[in-house]
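Structure incoming, see below.
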Protein chains: 2
Amino acid sequence: MTFRFELHQTDGLARRSTFHTPHGPIEMPAFAPVGTQANVKTLEPRDLHEAGAQLILANTYHLYLRPGHELIKRFGGLHAFMGWERPILTDSGGYQVFSLADSRKLNEDGVIFRSHIDGSLHHFTPEKVMEIEQALGPDMAMVLDECPPPLDRAYNEEALARTHRWAERCKAAHHRSDQALFGIVQGGVFEDLRLQSAAFLRQLDFPGYAIGGLAVGETKEAMYATLDFTCPALPIDKPRYLMGVGAPEDIVEAVARGVDFFDCVLPTRIARNGQLLTPDGRMNMRNAQYAEDHRPVQADCTCYTCRTFSRAYLRHLYKAGEISALRLGTIHNVHFMLELMRQIRDAITAGRYAAFRAEFLARFRITDQATRHAQRELRAAARMQGN
Amino acid sequence: MTFRFELHQTDGLARRSTFHTPHGPIEMPAFAPVGTQANVKTLEPRDLHEAGAQLILANTYHLYLRPGHELIKRFGGLHAFMGWERPILTDSGGYQVFSLADSRKLNEDGVIFRSHIDGSLHHFTPEKVMEIEQALGPDMAMVLDECPPPLDRAYNEEALARTHRWAERCKAAHHRSDQALFGIVQGGVFEDLRLQSAAFLRQLDFPGYAIGGLAVGETKEAMYATLDFTCPALPIDKPRYLMGVGAPEDIVEAVARGVDFFDCVLPTRIARNGQLLTPDGRMNMRNAQYAEDHRPVQADCTCYTCRTFSRAYLRHLYKAGEISALRLGTIHNVHFMLELMRQIRDAITAGRYAAFRAEFLARFRITDQATRHAQRELRAAARMQGN
């Protein structure tokens with residue numbers, strides 16, 4: 001069998017496993033840096049190897065538009081095209097169509113949209129997306145789904161049945177045995193919808209299951225609660241993937257609830273904004289307080305950036321607008337996330353995940369303005385609705 | 001003696017030498033990639049080591065303004081601040097004051113200017129520039145000079161005596177024995193002025209001599225002619241540095257005339273514009289013709305970019321606006337320049353520099369639009385002046 005999921009150990013609900021793929025094993029819990037356009041921004045494959053990346057995510061929507069899935073297929077697929085010989089996963093492009101593309105029109109058949117690059121018209125159906133992902137050739141592909149706002153019950157109800165029919169059509173159109181097609185559980189923050197979705201998709205017997213539609217506006221508490229009831233509804237012998245998550249604190253919480261792997265632009269995106277991750281939380285490297293700071297970003301970090309440069313030098317590069325700042329920050333943040341995953345795996349193996357989680361969360365200061373703003377907004381909305 | 005210039009061999013006027021500095025030897029002819037703000041754009045010290053860089057240039061004007069020479073001094077100088085332990089040279093900032101700063105006012109004492117960053121007022125005198133360069137701590141520093149348009153005889157005549165008095169003041173204000181202060185020969189394209197300048201500066205007995213004021217608007221022919229009469233006027237036992245040059249073809253021609261080392265933003269700057277250097281000339285990686293080109297940029301190149309990626313993938317990164325494109329292009333171009341210098345050194349050692357030069361120039365197609373445009377303009381101007 002090309003794909004094999006080995007569950008080595010559990011610690012509470014946290015799982016220590018290995019997912020074997022055609023391009024090698026992935027030790028889980030795992031984190032996939034995001035290489036939207038067949039490139040993890042500012043990094044090369046050798047940098048990802050150095051950081052210990054086991055898999056990366058690439059975006060179907062972007063690569064379909066540019067340079068085109070057929071061109072990539074003629075180059076032997078994404079691995080050969082981008083020089084990355086370890087596992088790759090692609091999303092289905094559905095989320096990007098809804099968040100990036102122009103003039104979307106959705107019906108039972110699929111979704112028609114205009115390219116955000118040149119305005120050209122395109123049509124994604126489940127069958128078309130399967131054609132694209134099979135041409136791109138990642139180890140893991142995702143079914144086409146719709147990703148409604150997680151708090152909108154009516155929209156989630158309406159979308160769920162269609163998303164399920166699309167999952168069936170994707171499965172029927174998928175033929176590559178060297179590619180694992182994942183089903184995506186939807187249903188917003190609503191327990192009955194999530195359970196219904198999980199039950200439906202289990203019956204289609206996918207080799208892995210993604211949890212979609214989270215980390216897009218709901219509170220952290222709502223996300224964790226959703227994982228609380230969704231994870232137990234998934235098969236124990238298949239990998240569980242929480243899409244688009246996340247922040248270090250969210251990963252630590254999701255692992256505690258039984259999630260096996262993650263992808264997120266957060267470490268790469270915030271690095272380009274000058275925010276670097278440490279066990280104490282985020283540092284803004286542009287701050288004047290680092291102007292003469294001789295220390296590395298993180299004292300015990302073994303990444304190239306921390307081994308080589310002071311905070312003062314990094315601050316200088318950020319302030320001077322040097323491209324190298326974005327890259328050196330990205331090297332550190334990706335290393336931080338992958339080191340976090342190593343610590344998570346070790347803690348589960350040692351049967352001390354609860355203690356690890358408590359220690360991590362006690363120290364890691366959450367300063368995500370967007371999250372705090374969203375939480376305030378949602379609380380205000382809840383008060384106005386009297387619930 | 002901290003500095004020692006060993007002339008190993010000559011081949012015609014071309015010289016194969018070693019310049020020993022406190023941070024190690026520089027095999028010459030040599031090329032210095034430019035790290036304006038204490039960073040060669042998109043590259044790290046390890047990349048420069050991999051490419052075989054022996055020295056880099058940093059800009060006094062930029063580092064004085066940001067982060068400030070005193071901060072860098074407190075960090076132990078540029079080498080420690082930027083993590084580069086091989087030789088560094090700095091310019092005097094004079095050229096940048098005249099080309100970048102706002103509202104310049106020049107008199108015998110020095111030049112008053114406004115920062116291009118925040119409009120603040122600053123005063124460069126020979127003594128101030130020596131204070132800055134000695135604080136920055138490069139192995140080689142340059143005297144403050146004025147760099148008039150090379151074809152303007154009256155301006156060059158007027159500026160030369162002042163530039164010479166500034167050179168004397170710089171020498172008097174320079175005390176670091178672990179830093180070699182270079183004199184800068186000026187005089188535009190005018191033989192009598194260049195000879196006068198060389199004679200004056202020789203008498204001050206600098207440990208090395210720079211040739212300034214070229215590659216800023218004159219034709220290639222005028223630049224080469226200027227080197228023809230300037231180089232023989234310089235001492236045989238001191239290194240000769242042609243500032244701000246250059247294009248591969250200019251370096252090959254200048255070495256044939258007796259120049260020992262060079263710096264130029266060209267390889268790094270054009271890489272960020274998508275132009276990559278090969279023995280056949282420049283390639284524009286954005287061109288559609290490379291969309292499905294499986295080959296590396298340069299077949300026999302050993303740089304990371306050529307060892308790892310196809311032209312098609314690089315074109316995709318450039319077209320998609322990925323930062324990685326700028327970096328991968330820079331890696332290649334810097335490697336190309338340093339490989340060219342290795343070939344130049346080998347050819348001199350083998351006593352076949354004339355043949356190397358002929359072969360290189362026969363193959364390397366010159367497509368520099370700016371140079372061709374400048375040449376046309378200057379020819380037109382010369383016709384109108386009847387000379």
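We name chains A, B, ... by the order of the sequence lines, and we start the count at 1 in each one.
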Let's test your reading of the structure: which of Asn39(A), Thr308(A), Val40(A) forms the most heavy-atom pairs below 4.5 Å with chain B?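 That would be Asn39(A).
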Do Cys264(A) and Phe31(A) make a side-chain contact, defined as non-hydrogen atoms from C-beta onward lying under 4.5 Å apart? yes
So, the part of Leu328(A) with a heavy atom under 4.5 Å from chain B: the answer is side chain
Any side-chain heavy atom of Cys306(A) sitting closer than 4.5 Å to one from Ile331(A)? no
Side chain to side chain, Arg176(B) and Asp178(B), heavy atoms closer than 4.5 Å:
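Answer yes - side chains close enough.
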Turns out that what part of Tyr313(B) lies under 4.5 Å from chain A's heavy atoms comes down to both
Whatever's closer than 4.5 Å to a heavy atom in chain B on Phe81(A) counts as both
I'd like to check Glu44(A) versus Asp47(A) (side-chain heavy atoms, cut-off strictly below 4.5 Å). Are they in contact?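 With C-beta onward as the side chain, the pair touches.
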Cut-off 4.5 Å, heavy atoms of chain B, and the answer for Thr42(A) is both
Quiz item: Any side-chain heavy-atom pair from Phe262(A) and Met337(A) closer than 4.5 angstrom?
Solution: no
Okay, His294(A) and chain B: the region with an atom under 4.5 Å from a heavy atom over there is both
query: Hey, do the aromatic rings of Tyr318(B) and Tyr290(B) have their centres closer than 6.0 Å?
result: no
message = Less than 4.5 Å to any heavy atom of chain A: does that hold for the side chain of Arg315(B), its backbone, both, or neither?
response =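 Answer is neither: Arg315(B) stays 4.5 Å or more from chain A.
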- Given the options Arg46(A), Lys41(A), Arg272(A), His62(A), which has more heavy-atom pairs under 4.5 Å with chain B than any of the others?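 Max contact count across the listed options: Arg46(A).
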Okay, Leu314(B) and chain A: the region with an atom under 4.5 Å from a heavy atom over there is neither
Whatever's closer than 4.5 Å to a heavy atom in chain A on Leu63(B) counts as side chain
Need one label for Arg66(B): side chain, backbone, both or neither, based on atoms under 4.5 Å from any heavy atom in chain A.
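For Arg66(B), backbone and side chain are both near chain A.
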*asked:* Please classify the contact of Leu43(A) with chain B as side chain, backbone, both or neither, using a heavy-atom distance under 4.5 Å.
replied: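 When you check distances to chain B, only backbone atoms of Leu43(A) fall under 4.5 Å.
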Carboxylate-amine/guanidinium proximity below 4.0 Å for Glu70(A) and Lys73(A)
no
As an exercise, state the distance from NE2 of His332(A) to OG1 of Thr305(A), rounded to the nearest 0.5 Å.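 His332(A) atom NE2 to Thr305(A) atom OG1 measures 8.0 Å (nearest 0.5 Å).
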Okay, Ala80(A) and chain B: the region with an atom under 4.5 Å from a heavy atom over there is neither
- Query: Does Gln37(A) use its side chain to pair, donor to acceptor, with the backbone of Leu317(B) at less than 3.5 Å?
  - Reply: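 Looks like no, no N/O pair under 3.5 Å.
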For the residue pair His116(B) / Gln96(B), report whether a side-chain donor-acceptor contact shorter than 3.5 Å exists.
no
Bottom line for Ala325(A): the part with an atom under 4.5 Å from chain B's heavy atoms is neither
Among Gly83(B), Ala291(B), Ala320(B), Ala312(B), the residue with the most heavy-atom pairs under 4.5 Å to chain A is Ala320(B)
